[in-house]
Structures are given as structure tokens and as C-alpha cells.
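Taking it in order: structure first as C-alpha cells, then the write-up.
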Amino acid sequence: VNWSFPGDPAGKTGTPSAPVTAGAPFVATVNACDSFYNVISTNAAVALTSDDAFGTPSGATALVKSLTAGSTTFTVTLVSAQDAAGAPITHHLISTWTLAGYQTPDFLMQAATPPTKLQILLPGQTAAPGNVAASGVSGAPTPAVAGESYPITVRLTDAWYNAVGNSSLGATIHLASTDPFAPADADQAIAVGASNFATTFTTHKFQTASATGWTVKASTVTGPAYGTASGGPVPVTADTNIGGIHTHQLLVVLPGETY
């Protein structure tokens, strides 16, 4: 191939098939070419990377293969399909060798459907789609104050923590805490729809101060049996605020009583 059209990448026509689904492998072909994009016969090693920090390949870990008569293929699996707000993102691939390398056009990603698991986002945390090792979150939980509302968001996601709703079935989510005196939260519904993937328990409260913190767990009450999610631990401080509902008092512990 020794031609190109205006606006097209030299040596090829068409656009990448998109959107690419997170976790779905696809094959990328790498050719060694002359300046007119004719394939040249060489068995040199080439490397392929991507801008998906959690994909195969990633930017830090390349796939490396030797060409056979100037050509080879790579199986690519990218997993982060969104930014922290749940908006779709694009990715690209980069091939390198001893001579000039090549970067593909950006192609759009999409979450895998239907959702398979739940994810908890605590105050102070942001979503990190694709980061399976960290349960799809980044950042440490903000400490809570005993008795103060501590909003907790639960999301539906695919296996790589890309947020995605269920276009066929709604779900009811239950939130539980290891704080033995935390008041129970009312179950929350996530309605049917591909864009309905989150609910927030806005009035969740911890009541027992703990430096080591308490964990929370989200599970499905009705609807699909999504994989459960845990969050925390959340450190909880005593309520030292003054005024309004913030009252301070004395407590006397007598022999035979336990604090």
C-alpha cells in the first residue's frame, strides 16, 4: 500500500472499530513499512504499549514480539473505559522499534454490560475505573464525626469498575456497617436504565468513635445478585462540635458497670 487519502492515516483507510468494550480482547496488527507503507521483510522485535494504565499492554508494561517477514499481531485487552465521573474516554496504542514508531488514532471505550458488581465510594475517594487491585477507587476516606451524616455512594459497575446501569432490571441496595451502634439505613433503589448506576445513602451515620475505623458493606436485596462491595475503614472521631444538636455531657461509671 503506497497511498493515502486526505485526513486518513497514511498507509491505511477507515477508522478504528469503536466503541471498544472494556475487557474484550481485540487483535492489533503491526507492520514494518518503508516510507511508502510497503511492508518490508524483517524479523526485528517490536513493542506495543497503550495509554490505559491498567490494560494489557499498558504504558508501563509493553507487549513485545518479533516480526515475521515484517508483520505480527498482538492481542490487546483494555479495561478502563471512563473517567472518575463516569464519562467515556478514548485510548490509543503506540508501537516502537529501532526505527520510527507509530501511534494509532484515539478510539472510544465503553463499559461492559450488564453490570456485575457493586462499588462503594466514600467521601475523600474518587472512582478509578480499571484499577481492580484497589476496587476501582483512589484516595483515603475522609474521617467521619460521630452522629454526623456521612454520605456513601454505591455504584453498579462491570468487572473493571466502569460504572454502568442495567437496561433490563432494577435493584435494591442494602448498606451495613461494622459500627455496632450505627443506626440502620433505609434500603435504596437503583432504577432500570443504562445511565442509572448509582445511589447515595446521604444520611448514613457512625456513632462509635474509633481511630482504627469502621467498614461498610453494600449488597443486593432485590434484583440481580451483584457482587458485594466493602469500603473503609472509616476513622470516626467524637463529636466535639458546639451548638445546636451538638451537646456534651458527663457520664459516671459505677462499680459493676462497663463503659
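None of the values given here were measured: they were computed from a predicted structure.
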Tell me the closest heavy-atom pair linking [X] and [Y], and the distance in Å.
X	Y	answer
Y150	P123	CE2-CD, 3.4 Å
D239	A146	CB-O, 3.6 Å
T21	A111	CG2-O, 4.1 Å
S149	T202	CB-O, 3.6 Å
V64	A45	CG1-CB, 4.4 Å
P115	Y226	O-CE2, 3.2 Å

Hey, could you give me the [atom1]/[atom2] distance between [X] and [Y], rounded to the nearest 0.5 Å?
X	Y	atom1	atom2	answer
F26	S17	CZ	OG	10.0 Å
L63	T77	CG	OG1	9.0 Å
T222	H174	OG1	NE2	12.5 Å
I94	T49	CD1	OG1	4.5 Å
N166	T113	CG	OG1	9.0 Å
F201	I120	CZ	CD1	8.5 Å

* To do: Test S80 against H91 for side-chain hydrogen bond (donor to acceptor under 3.5 Å, both in side chains), laying out the working first.
  => CA-CA 9 Å; S80 60; H91 284 309; 3.1 Å; yes
Treating Ile, Leu, Val, Met, Phe, Trp and Tyr as nodes and any side-chain heavy-atom pair under 4.5 angstrom as an edge, say whether [X] and [Y] lie in one connected cluster.
X	Y	value
L93	V79	no
L48	M109	yes
V164	F54	no

Do [X] and [Y] pair up side chain to side chain, a donor and an acceptor below 3.5 Å, judged on atom types alone?
X	Y	value
T126	S138	yes
T212	S210	yes
T200	T153	yes
D179	T208	yes
T172	D187	no

* Please test K217 against S177 for side-chain contact (heavy atoms from CB on, under 4.5 Å), starting from the C-alpha separation and ending with a verdict. => CA-CA 6 Å; K217 180 180 179 180; S177 169; over 6 Å; no
* To do: Take Y259 and E257 through the side-chain contact (heavy atoms from CB on, under 4.5 Å) test and state the conclusion after the steps.
  => CA-CA 7 Å; Y259 173 67; E257 295 178 328; over 6 Å; no
Determine whether a donor-acceptor pair (N or O, by modelled atom type, separation under 3.5 Å) exists between the side chain of [X] and the backbone of [Y].
X	Y	answer
Q207	P183	no
D34	I40	no
S50	D52	yes

* Please lay out, stage by stage, how T157 and L118 fare under the test side-chain contact (heavy atoms from CB on, under 4.5 Å). => CA-CA 6 Å; T157 74; L118 302 176; over 6 Å; no
* Asked: Who pairs with D83 by side chain to side chain donor-acceptor pair (under 3.5 Å), at least two apart in sequence or on another chain?
  ->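 Residues passing side chain to side chain donor-acceptor pair (under 3.5 Å) with D83: none at all.
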So, do [X] and [Y] sit near enough that their side-chain heavy atoms are less than 4.5 Å apart?
X	Y	answer
V20	L78	no
Q188	V154	no
L175	H204	yes
H92	P105	no
W214	P233	no

* Option among V234, L122, T178 that satisfies the side chain to side chain contact (heavy atoms under 4.5 Å, CB included) test with V216 -> L122
* **Pi-cation contact, F74 with K65 (under 6.0 Å, within 45°)** =>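 Yes, K65 lies over the aromatic ring of F74.
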* To do: Let me see the working for T116 and D158 under side-chain hydrogen bond (donor to acceptor under 3.5 Å, both in side chains), right down to the final yes or no.
  => CA-CA 5 Å; T116 58; D158 63 17; over 6 Å; no
* **Working for side-chain contact (heavy atoms from CB on, under 4.5 Å), residues Q82 and Y161** => CA-CA 9 Å; Q82 303 170 342; Y161 295 102; over 6 Å; no
